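Worksheet: the structure to be examined is printed underneath.
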Amino acid sequence: RQPEAARAAPAPERSRRRRWPWMVLMVLLVAGAGIGTYLALNAGDVPAQLVPEARGMTPEQLREEVGDFWQLQEAFDREDDSTPGTILRTDPPVSTLLEEGEVLTYFVSQGNALKTVPTNLVGLTLADAEAFLEGAELTLGEVTRRNDEQAPEGTVIEVLETRLRIPGGDPVDLVVSSGPKLRTVPTGLEGLSFEEADSQLALERLEAVREEEYSDTVAQGLVISVDPPAGTEVERGAEITLTVSLGPEPVAVPNVAGDDVLTASSRLQAVGLCIGETDGPANTPVIATDPPAGTVVFVGTCVRIITSEVLGGG
């Protein structure tokens, strides 16, 4: 009978024989996974390539790079601070493994994202309108000035951009009021009555201001002069002074009592009065006049001279 130690000696060899089938199985599994991956990537023998980084390229540059490997399809999008006409991204995205003949869509920039044009610009001052545009990520464009009968000078009266949304940073053109158009003082106001001249000024939306003065040449109630004169351009609502005749300036009859008739006549004529009849001898002193001394009369009024002879004979 053999010792127990001698019978147990072959045990290590049997253990090795039991482990090697598992090692073979593991090798086969790893190899199978590799083969599976290879087959998955090359199923049907269709080549595939990674989608390149196309951002910043033009469509022409992308076509040159990929040739006819994929079907290229163009789409459009917007992105702030992008260059119009260049590619923003692709679908599938960069580094995607894409088989030959599949569709690769590239998105071309049309510029900045669209912004809404403010609708409350009319009636604002130009400075306020510009601030609103900046807040909407837009800029102030060309400013045109135009007369307007209602809008105060310097306020926006029209927005020339008709689109509701435009690319960010784009200019918006505005029309700004220059205030009412200038008026021209009408001609032919001299010689009209004040009421007639006032009506003509009102048609031009000008304000008549009445002043009066005496005139030896223009009849009472008629316009002597216009200031500013006819043909002058003035702002709407400007005051136009119409000087209206009061007729000849009245004078007080001088006191010529005690003068001889010749001297009295000269003094009366010197103030614009005419000499009427002389009552009494011309070689006697004047004692009175008719109208009497101190009476205020219009220039040109005739005064009757009265001498003492008439009173003495009365």
Side-chain angles (χ1 to χ4, degrees), residues 41 46-182 235-236:
L41 294 177
V46 178
Q49 291 184 12
L50 295 177
V51 175
E53 174 60 82
R55 182 178 178 85
M57 289 185 178
T58 65
E60 292 75 15
Q61 290 171 332
L62 178 62
R63 292 191 190 99
E64 289 178 3
E65 179 167 330
V66 303
D68 297 329
F69 192 79
W70 296 302
Q71 297 181 47
L72 296 182
Q73 180 172 291
E74 187 171 76
F76 298 94
D77 201 355
R78 290 183 175 275
E79 183 180 299
D80 286 344
D81 301 322
S82 63
T83 302
T86 61
I87 296 173
L88 298 173
R89 65 184 186 281
T90 58
D91 183 22
V94 60
S95 298
T96 302
L97 192 65
L98 188 63
E99 292 182 350
E100 182 180 13
E102 292 294 321
V103 175
L104 176 64
T105 302
Y106 60 87
F107 293 82
V108 179
S109 171
Q110 290 186 303
N112 291 339
L114 295 179
K115 309 296 180 182
T116 301
V117 178
T119 58
N120 60 340
L121 300 181
V122 173
L124 297 179
T125 64
L126 182 58
D128 287 345
E130 184 173 11
F132 267 94
L133 288 172
E134 289 178 356
E137 299 182 49
L138 301 171
T139 59
L140 176 64
E142 182 179 353
V143 176
T144 304
R145 297 189 179 272
R146 186 173 71 204
N147 292 115
D148 189 278
E149 294 300 305
Q150 305 300 327
E153 182 178 359
T155 58
V156 177
I157 56 178
E158 187 178 354
V159 179
L160 296 181
E161 178 57 66
T162 58
R163 295 171 293 173
L164 298 179
R165 290 168 61 79
I166 60 176
D170 273 16
V172 176
D173 296 340
L174 303 178
V175 180
V176 175
S177 172
S178 295
K181 66 177 182 180
L182 295 177
E235 293 183 355
R236 186 191 70 181

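For clarity, every value in this text was computed on a predicted model and none was experimentally measured.
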Out of L160, L138, T139, which one pairs with V172 under the side-chain contact (heavy atoms from CB on, under 4.5 Å) rule? L138
Report yes or no: does R165 contribute a side-chain atom to a donor-acceptor pair with the main-chain N or O of L114 at less than 3.5 Å? yes
Atom pair CG (L182) and CD (E235), whose distance is rounded to the nearest 0.5 Å: 6.5 Å
I need the single residue from V103, T90, D91 that forms a side-chain contact (heavy atoms from CB on, under 4.5 Å) with Q73. Which is it? V103
Ignoring hydrogens and geometry, is there a side-chain-to-backbone donor-acceptor pair from R236 to E149 under 3.5 Å? yes
Taking the side chain as every heavy atom from C-beta outward, state whether F76 and S109 have any pair of such atoms under 4.5 Å apart. no
T83 side-chain N/O to T86 backbone N/O, donor-acceptor pair under 3.5 Å: no
Interatomic distance, E102 atom CD to W70 atom CH2 [nearest 0.5 angstrom]: 10.5 Å
After noting the C-alpha distance and the side-chain angles of S178 and R145, does the key distance pass the side-chain hydrogen bond (donor to acceptor under 3.5 Å, both in side chains) rule? CA-CA 6 Å; S178 295; R145 297 189 179 272; 5.4 Å; no
Between R55 and Y106, do the side chains contain a donor N or O and an acceptor N or O under 3.5 Å apart? no
Start with the C-alpha gap between L164 and V117, add the side-chain angles, then the distance that decides, and say whether side chain to side chain contact (heavy atoms under 4.5 Å, CB included) holds. CA-CA 6 Å; L164 298 179; V117 178; over 6 Å; no
Within this structure, what is the OG1-CZ distance for the pair T119 and F132, rounded to the nearest 0.5 Å? 9.5 Å
With a 3.5 Å distance limit and no angle check, can you tell me whether T96 reaches the backbone of L98 through a side-chain donor-acceptor pair? no
Is it true that a side-chain atom of D80 and a backbone atom of A113 form a donor plus acceptor pair closer than 3.5 Å? yes
Ion pair present between D170 and K115, side-chain N to carboxylate O less than 4.0 angstrom? no
